[in-house]
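Here's the structure, in structure tokens; my notes come after.
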2 protein chains.
Amino acid sequence: MESTIKDIKRETGLALSTISKYLNGGNVRPENKKKIDEAVRKLDYHPNEMARGLITKKTRTIGFVLYDISGTFGGLLTHYVGDLLRQSGYGMIICDSNNDKSVEEQNIKFLVEKKVDGILVVPVSTDDGFLDVAKRADIPVVTLDRSISGAQLDCVTIDNVAASQSAVEYLIERGHKRIAAIYSEEYTGKHRRDGYRRAMREAGLNVPSEYEYHEKIHSVSLGYNGMNRFLELPVSKQPTAIFMSNYEVALGVVMAINEVGIACPDDISLISFDALTLTLVMKPKMTVMVQPMETIASEAVRILMSRLGEGSQATLQRVLLYASLNEGDSVRDLRIS
Amino acid sequence: MESTIKDIKRETGLALSTISKYLNGGNVRPENKKKIDEAVRKLDYHPNEMARGLITKKTRTIGFVLYDISGTFGGLLTHYVGDLLRQSGYGMIICDSNNDKSVEEQNIKFLVEKKVDGILVVPVSTDDGFLDVAKRADIPVVTLDRSISGAQLDCVTIDNVAASQSAVEYLIERGHKRIAAIYSEEYTGKHRRDGYRRAMREAGLNVPSEYEYHEKIHSVSLGYNGMNRFLELPVSKQPTAIFMSNYEVALGVVMAINEVGIACPDDISLISFDALTLTLVMKPKMTVMVQPMETIASEAVRILMSRLGEGSQATLQRVLLYASLNEGDSVRDLRIS
DNA sequence: ATAAAAAGTAGAAACGTTTCGTTTTCATTT
DNA sequence: AAATGAAAACGAAACGTTTCTACTTTTTAT
């Protein structure tokens, strides 16, 4: 049915080993090169990955484990990563951890059993115990978007603290003093909170506990609930600006202010993370810290690929990227009025 | 390094074939059963999928091709499908078609080369030419969410026409006559438009062309643009209710009405498709037609699995599911006031 | 022109399973 | 106790590659 390398042998009269060598980039005599090329085309030959894998112990498949694929960030990241891997001839097996550490651990096990060549992971867990199975099987792992502190792991992250700090500084520069924050207790959420706090401290502004709202996980309702909480404060104490640590959170905040008829930026200023569909289409256009998603994906893939080659030098590779501010109209300049 | 079936042979003294037979569910003497079980546990043996696949010609991997994974619907569907497949021990290679027919065709080719056992596809294309490669390779294909008319293909869809028809009838029953619709030119968009039109026709209501707004693809801006278009109509002609064919579209519409300070449901009634995060959290709660996403996923996987077994009976399997109305507070009853 | 070196080719073994045809085992019947 | 038949075990071949070693041909240097 399917043509094999033996058919090429029959067609060309060459030895299996010669053909195999050429097909894997080796040198053969020009005449034989031509013969093989012709036979391959004629027979529409494609190497059988299973047979190849049986010997080389490579599956040409990468596992991608991420905390949640149904969110916007996860979906987009998957999109980029999948594209890049396919371009390199790699398949991607994707496993959604559903924000659950034990599911995450199972995912790794599954991928190890599937004998993937490498694993990309946006982790839920904060320590690297769940990766032991992969480590034992000698499968390279690269972490992206989130790193695991203390672990000897290649990773690609953005400087969340610096990014959120400069986002909040942007607010402060425009005269805001009562700035509240909504964030999650996840990796990115906490780091972005730290940046918020640092900016406030360095500006000599204090952060009353009512100005921080957080829940376990980034979600629309986190933003919605947080904003409503702020609105319950006495008017004189209400924040003039809100820093939100994620796209979904921003959606929730916008829903909440629209509901009570508060205008942005006239009554309240907003600054958020991740410029995705909604932040781009809404009016006023949201001012956001934009993560270089494509670069995050491509760097992670690049590092993983470098680990897949022979000379996988032992040096740890940690890439730190920077977010950039995309200015919209959602922040009011209080110095002017 | 990795233990093989030969190690089990050494450990138990049994023949390879006996061990293999038992491992694949065959019968062996109780004593041997025990011996093998013990050795498997002791050596932490896992069958090598490559070696197995080389003989059985099965990769235990399913390809999932979908029109767009970065959208909410695609993300959630991927989540469900991935889960179900993993539970059956199958890996999933996911390919995003990016709403592009030629990418879609390439995706199928890629998966065929990867020798997946089966393919699930939410197609972009409207004819099945792009599946020829898979057909030739004898790889079963199941379509979900969208079917391809005229094609001999297993599929799982919902009755979009009936669903949108009853959504619009719900509006009509509450006294609405000037009902506008926003939809895309994709499969689901067009079907939902048809249901809208049918409901209107059967109620004797006419649909002026200004009451239909459409763009190529479901998106937030489609909703945003559409709603703004309706708002440009002379007040006396403005619709009292809007039917939106998708979640993202609903988001855009809500942004647009919030911007100009129109209240829902007091000034305008809304009804949409797909109850996802935002529609659940916003106030008023949106009235939506809810698709049984999990069932769509599980039925598709079930059908595919049945095709993977030996006796793949030739009968076509087409499953038609129904959406149900999830009543919120976004529709005003005009008969009351 | 010749020897040495380099480049290319060939054949066979190996990878870890499943499967097939044959032989052995064991319980049942005569 | 021997014959029968079904159930279980066995051994070898096969799956489609790569890789290793040995061999042949070509190129280069003398």
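A, B, ... follow the sequence lines: proteins, then strands. Residue 1 opens every chain. Quick caveat, the model's predicted, so the values are computed rather than measured.
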Filtered N/O pairs between nucleotides 10-13 of chain D and protein, under 3.5 Å:
from	atom 1	to	atom 2	distance (Å)
dC10(D)	OP2	A15(B)	N	2.7
dC10(D)	OP2	T18(B)	OG1	3.3
dG11(D)	N7	S17(B)	OG	3.3
dG11(D)	O6	S17(B)	OG	2.8

- Message: Please determine whether a side-chain nitrogen or oxygen atom of Y45(B) lies at a distance below 4.0 Å from atom OP1 or OP2 of dT17(C).
- Response: yes
- Note on the structure: Partner of S298(A) under side-chain contact (heavy atoms from CB on, under 4.5 Å), picked from L84(A), V156(A), V81(A), is L84(A)
- With respect to the phosphate group of dT18(C), does any side-chain polar atom (N or O) of K58(B) fall under 4.0 Å of OP1 or OP2? no
- Query: Just how far is it from atom NZ of K114(B) to atom CD1 of I139(B), taken to the nearest 0.5 Å?
  - Reply: 13.0 Å
- So, for R146(A) and P123(A), which heavy atoms are closest and what is the spacing to 0.1 Å? NH1-O, 2.9 Å
- Query: Charged N to carboxylate O below 4.0 Å: is that the case for K109(B) and E104(B)?
  - Reply: no
- Item | Separation of atom CD1 in I19(A) from atom P in dA10(C), rounded to whole Å | 9 Å
- Task: Could you tell me whether the side chains of S147(B) and Y187(B) share a donor-acceptor contact shorter than 3.5 Å?
- Result: yes
- Report the distance from atom NZ of K6(A) to atom C1' of dG11(C), rounded to the nearest whole Å. 13 Å
- Between R307(B) and D154(B), does at least one N-O distance fall below 4.0 Å, as a salt bridge requires? yes
- In whole angstroms, how far is the P atom of dT19(C) from the CD1 atom of I5(B)? 11 Å
- Whole-Å distance, R52(A) CZ to dC15(D) P, equals 19 Å
- Query: Of the residues in residues 23-43 of chain B, which ones touch DNA chain D at a heavy-atom distance under 4.0 Å?
  - Reply: N27(B), V28(B), R29(B), N32(B)
- Integer-rounded Å distance: dT17(D) C1' and H46(A) NE2: 16 Å
- Whole angstrom is fine here: how far is it from CG in L54(B) over to P in dC15(D)? 9 Å
- Check every atom of dG16(D), dT18(C), dG16(C) against the side chain of T56(B) and return the nucleotide holding the closest atom. dT18(C)
- Atom CG of N48(A) and atom C1' of dT17(C) are separated, to the nearest Å, by 14 Å
- Task: Show the numbers, then the answer: is there a side-chain contact (heavy atoms from CB on, under 4.5 Å) between L66(A) and T78(A)?
- Result: CA-CA 9 Å; L66(A) 83 169; T78(A) 307; 3.7 Å; yes
- Message: Could you tell me how far apart K115(B) (NZ) and dC15(D) (P) are, to the nearest whole angstrom?
- Response: 15 Å
- When the nearest nucleotide of DNA chain C is assigned to M50(B) and to K21(B) on a heavy-atom basis, which residue is associated with the more 5' position? M50(B)
- Message: Mind checking if S20(B) touches a base, just sugar-phosphate, or nothing, with heavy atoms under 4.0 Å?
- Response: base
- Task: Please check if any side-chain donor atom of S306(A) sits under 3.5 Å from a side-chain acceptor atom of Q317(A), or the reverse.
- Result: yes
- Message: For a quick test of reading the model, state the closest non-hydrogen atom pair linking D44(A) to S3(A) and the distance between them.
- Response: O-OG, 3.8 Å
